[in-house]
Amino acid sequence: MANEVTIPLLPCASIDEVAEFYVMLGFTITYRQYRPNAYLSVRREEINLHFFGIPGYEPERSYSSCLIQVEDPRELYEAFAHGMRAVYGQVLVSGLPRMTRPRRDGFLVVDPGGNWIRVMSAVREQEPRSSNGLTRALHNAEMLAGSHAAERQALKILERALVREVHASEEERATALEFRDELLERLGLRS
């Protein structure tokens, strides 16, 4: 077999809220159904996402996720950020919806349905085998915050490493401090 296509079906409380959100990000609505079941499909270039409404669904408790692999995640991030700024005046980094800043492995969008949309490079770089504790701590903090929504735990790991790893390079410290600032902003501890 060839040319197979897999499209995730993601839950939401309101297909209207989800539709507005994805249109803001530059997607086009390709199908919308209200009865007998709420259903929505959106498309942006080759990215297809489908949603189904569930009455009483709680987006904050969602475990739904999908992965989008693209050639250049930063390019898609900039397009999404442009749409968010046009509607909200800023890129939303906390609450629902939200979007993380891009890292070397991509970025995360959490939509109004609570779905975690992970945008990553189609060509994955090997993780650097570093003996540097700050680089390892940064990687672990990014994984915790991005995969488990454990921003507080990620912040603790990163702050301990920043104190402990006094011999890290200026570039490594700057990258770690930038992510620490993002975590503080996500947690509402800095605006």
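Computed over heavy atoms, backbone and side chain alike; hydrogens, waters and symmetry mates excluded.
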Please tabulate, for side-chain N and O atoms in residues 17-28, each donor-acceptor pair with protein atoms closer than 3.5 Å (sequence neighbours left out).
unit_1 : atom_1 : unit_2 : atom_2 : d
Tyr22  : OH     : Asp111 : OD2    : 2.8

Heavy-atom side-chain contact between [X] and [Y] under 4.5 Å:
{"X": "Leu138", "Y": "Glu178", "answer": "no"}
{"X": "Tyr57", "Y": "Ser62", "answer": "yes"}
{"X": "Leu96", "Y": "Glu60", "answer": "yes"}

Return the set of residues passing side chain to side chain donor-acceptor pair (under 3.5 Å) with Tyr31 (not counting sequence neighbours), or none when no residue passes. Gln33
The criterion is side chain to side chain donor-acceptor pair (under 3.5 Å); which residues satisfy it with Arg44, sequence neighbours excluded?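 With neighbours one apart ignored, the set is empty.
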Same cluster or not: are Phe51 and Leu9 linked, directly or through other Ile, Leu, Val, Met, Phe, Trp or Tyr residues, by side-chain heavy atoms under 4.5 angstrom apart?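 No: no chain of side-chain contacts under 4.5 Å links Phe51 to Leu9.
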Determine, using the 4.5 Å side-chain heavy-atom cutoff (strictly less than), whether Val110 and Leu10 are members of one ILVMFWY cluster. no
Within a reach of under 6.0 Å around CD of Glu71, are more than 12 heavy atoms found that belong to other residues, nucleotides or ligands? no
Residues in salt bridge (charged side-chain N to carboxylate O under 4.0 Å, His left out) with [X], at least two apart?
{"X": "Asp72", "value": "none"}
{"X": "Arg43", "value": "Glu46"}
{"X": "Arg32", "value": "Asp16"}

Regarding Arg74 and Glu78, does a basic nitrogen lie under 4.0 Å from an acidic carboxylate oxygen?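 Not counted as a salt bridge, because no side-chain N and carboxylate O are separated by less than 4.0 Å.
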Taking Asn140 for the side chain and Ala154 for the main chain, is one N or O donor matched with an acceptor at less than 3.5 Å? no
